[in-house]
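Below is one structure, written out as structure tokens; comments come after it.
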Amino acid sequence: MNDYGDDESNNAADNFKHVINSSKMVVLPTTNNNEKKKNETPNPAIDTSNYSYIQQDISSSLLQTANNEKFQKTIINYLAFLKVEVCKISNRQEELFELFNNSQFSRSLTAAADESNFEIDYFVSNWPISDINGINYMEDKMKSDNSFQKLIVCELARTGGKSLPNMIYKILKKVFTDKVLTEYTYYGLRNKNNFSILSINKAIFEAIKKSKFKSCCDDEVITAIGKWLTSAKGRLEKKTNSCNNS
């Protein structure tokens, strides 16, 4: 039994040697653990515990941005509203200033009209004019004051008449005496004064244009005025004879 065991041990030893001799063992160089740790790239583990905080920060930033945009839009809309209101206030102020100025202008016109009415009443109350000086005085006033001339026109237009000649005769009889008209012809013929260049002549034409005879021609007006002027001497003599006879 001992021989069998020895033989078996020897065979095992031989087999081990054969394996050792026949195998090609590769010896890897060993490195220091500290050096290995030094050369290795650290790969730290991601800390997921901060994810919730990061998400909260992002949400907060987005919400703040949205609120800022909403606030900016609100401010812009409010500024636009203020601009419109300021424009309305400015326009209203201009309207008030215009009303104020118009009010003052109206008062000045009223005062001027009152003064003009007083003057026209003065002249009308002194009609008919009986001498050249009276005619010259009225002429100067009409030429220097356009509003007064318009009032004269309105006063003459109120005269009216059944026909155009009748209206012109009534106007001339209202404004002038026959005595002063004997000094005039319409165009200044026969060494008389020229009636056609007077402002009152122009006023008569304008008064006719405001009447129901506005469609008549100028020649009809001139003919009627000329006829009344040339017949002034005859009317005056007739009146004088009537007074003498009475």
Side-chain angles (χ1 to χ4, degrees), residues 95 97-189 192-236 239:
E95 291 176 359
F97 281 126
E98 185 175 356
L99 288 173
F100 177 75
N101 292 331
N102 288 339
S103 177
Q104 286 188 329
F105 181 68
S106 297
R107 285 197 295 270
S108 64
L109 285 181
T110 302
D114 291 339
E115 183 179 357
S116 297
N117 287 332
F118 174 78
E119 292 178 346
I120 190 67
D121 289 340
Y122 169 78
F123 275 95
V124 171
S125 63
N126 285 277
W127 286 350
I129 300 172
S130 60
D131 54 38
I132 298 295
N133 290 333
I135 293 178
N136 292 337
Y137 181 60
M138 185 175 68
E139 283 292 302
D140 292 339
K141 182 62 179 176
M142 292 177 69
K143 290 177 180 178
S144 62
D145 191 346
N146 188 48
S147 61
F148 177 77
Q149 179 166 346
K150 289 181 179 179
L151 290 174
I152 291 290
V153 171
C154 292
E155 182 65 27
L156 297 181
R158 291 171 53 189
T159 304
K162 296 180 180 180
S163 63
L164 175 63
N166 179 253
M167 180 178 178
I168 292 174
Y169 297 160
K170 288 173 68 175
I171 288 174
L172 292 171
K173 185 178 180 178
K174 181 179 183 179
V175 180
F176 307 102
T177 64
D178 286 331
K179 181 181 179 180
V180 74
L181 289 182
T182 58
E183 303 292 331
Y184 288 88
T185 59
Y186 191 78
Y187 290 113
L189 301 177
K192 302 285 185 175
N193 294 317
N194 190 346
F195 189 88
S196 66
I197 64 175
L198 298 179
S199 296
I200 191 65
N201 178 67
K202 181 180 178 182
I204 293 172
F205 273 86
E206 293 180 3
I208 298 299
K209 297 301 180 183
K210 291 180 178 293
S211 70
K212 60 183 179 181
F213 307 112
K214 59 184 177 181
S215 60
C216 68
C217 63
D218 292 348
D219 288 339
E220 293 179 89
V221 177
I222 294 171
T223 299
I225 295 174
K227 184 176 180 180
W228 186 260
L229 295 177
T230 56
S231 62
K233 184 177 180 181
R235 289 191 305 272
L236 182 61
K239 288 179 182 179

Using the test ring pair (Phe, Tyr, Trp, His ring centres under 6.0 Å), find all partners of Y184 that sit at least two apart in sequence or belong to another chain.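 Not a single residue meets the ring pair (Phe, Tyr, Trp, His ring centres under 6.0 Å) criterion with Y184.
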
Calculate, to the nearest 0.5 Å, the distance between atoms [atom1] and [atom2] belonging to [X] and [Y] respectively.
{"X": "I129", "Y": "Y137", "atom1": "CD1", "atom2": "OH", "result": "11.0 Å"}
{"X": "L236", "Y": "S231", "atom1": "CG", "atom2": "OG", "result": "11.0 Å"}
{"X": "L151", "Y": "E155", "atom1": "CG", "atom2": "CD", "result": "9.0 Å"}
{"X": "K141", "Y": "I152", "atom1": "NZ", "atom2": "CD1", "result": "10.0 Å"}
{"X": "D178", "Y": "L229", "atom1": "CG", "atom2": "CG", "result": "10.0 Å"}
{"X": "L156", "Y": "K170", "atom1": "CG", "atom2": "NZ", "result": "12.5 Å"}

Contact summary for [X] and [Y], nearest pair of heavy atoms:
{"X": "P165", "Y": "A224", "result": "CA-CB, 4.1 Å"}
{"X": "Q149", "Y": "M142", "result": "OE1-O, 3.3 Å"}
{"X": "S211", "Y": "I208", "result": "OG-O, 2.6 Å"}
{"X": "A157", "Y": "A207", "result": "N-CB, 3.7 Å"}
{"X": "G161", "Y": "N166", "result": "CA-OD1, 3.3 Å"}

Is it the case that more than 12 heavy atoms not belonging to K209 sit under 6.0 Å from its NZ atom? yes

Would the number of heavy atoms belonging to other residues, nucleotides or ligands and lying under 6.0 Å from NZ of K174 be above 12? yes

Are the side chains of [Y] and [X] in contact, using a 4.5 Å heavy-atom criterion?
{"X": "I204", "Y": "V175", "result": "no"}
{"X": "F195", "Y": "W228", "result": "no"}
{"X": "F176", "Y": "E183", "result": "no"}

Residues forming a salt bridge (charged side-chain N to carboxylate O under 4.0 Å, His left out) with K210, sequence neighbours excluded: none

Counting distance only, does the side-chain N/O of K192 pair as donor-acceptor with the main-chain N or O of T182 below 3.5 Å?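 It does hold such a pair.
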
Between E220 (side chain only) and C217 (backbone N and O only), is there a donor and an acceptor less than 3.5 Å apart? yes

Donor-acceptor pairs under 3.5 angstrom involving side-chain atoms of residues 196-203: please list them, not counting sequence neighbours.
unit_1 : atom_1 : unit_2 : atom_2 : d
S196   : OG     : Y186   : O      : 3.3
S196   : OG     : N194   : OD1    : 2.6
S199   : OG     : E139   : OE1    : 3.3
N201   : OD1    : Y186   : OH     : 3.3
N201   : ND2    : Y186   : OH     : 3.3
N201   : ND2    : S196   : O      : 3.2

Worked check of side chain to side chain contact (heavy atoms under 4.5 Å, CB included) between F205 and I222: CA-CA 9 Å; F205 273 86; I222 294 171; 3.7 Å; yes

Would N193 and I135 count as a side chain to side chain contact (heavy atoms under 4.5 Å, CB included) if you check the C-alpha gap in whole Å, the side-chain angles of each, and the deciding distance to 0.1 Å? CA-CA 12 Å; N193 294 317; I135 293 178; over 6 Å; no

